[in-house]
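For the single chain, residues carry numbers from 1 onward in sequence order.
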Amino acid sequence: MRQTTNLILTIITLILIVVFTLQNTNEVNITLLFWEIKTSLALLIFSIFSLGVIIAIFIFTPIIIALKSKLKKDEKIISELQETNETYSNKQLEK
């Protein structure tokens, strides 16, 4: 069921991208310092979006890695505390 839903969402997204691209074929001029580039509006928007995604990946990857490392350390501490608690509880029951 989940694969079917993903497939349907992918198809809908691709259709929307094609419609967007066909409706935004106008040429735009981009001027940056000494460069001037002519490109289609759809390509410009897609390029800027892709650049934003790449920048976000570079920004958030170290944060995600640090959080995963912290989670592993915390899980290890929790495991050790649970073992200590079980040992203590067993000693209390023996008395």
Can you check whether Leu9 reaches Thr5 side chain to side chain, under 4.5 Å on heavy atoms?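 They are in contact (side-chain heavy atoms under 4.5 Å apart), so the answer is yes.
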Table please: side-chain donor-acceptor pairs of residues 61-72 below 3.5 Å, with sequence neighbours left out.
residue: Thr61; atom: OG1; partner: Ile57; partner atom: O; Å: 2.6
residue: Lys70; atom: NZ; partner: Asp74; partner atom: OD1; Å: 3.3

Identify which one of Ile48, Ile55, Val53 satisfies the side-chain contact (heavy atoms from CB on, under 4.5 Å) criterion when paired with Leu51. Ile55
Residues 14-42, side-chain donor-acceptor partners within the protein, below 3.5 Å, at least two apart:
residue: Thr21; atom: OG1; partner: Ile17; partner atom: O; Å: 2.8
residue: Asn24; atom: ND2; partner: Phe20; partner atom: O; Å: 2.8
residue: Ser40; atom: OG; partner: Leu43; partner atom: N; Å: 3.2

Is a side-chain donor or acceptor of Thr84 paired with a backbone partner of Glu80 at a separation under 3.5 angstrom?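 Present.
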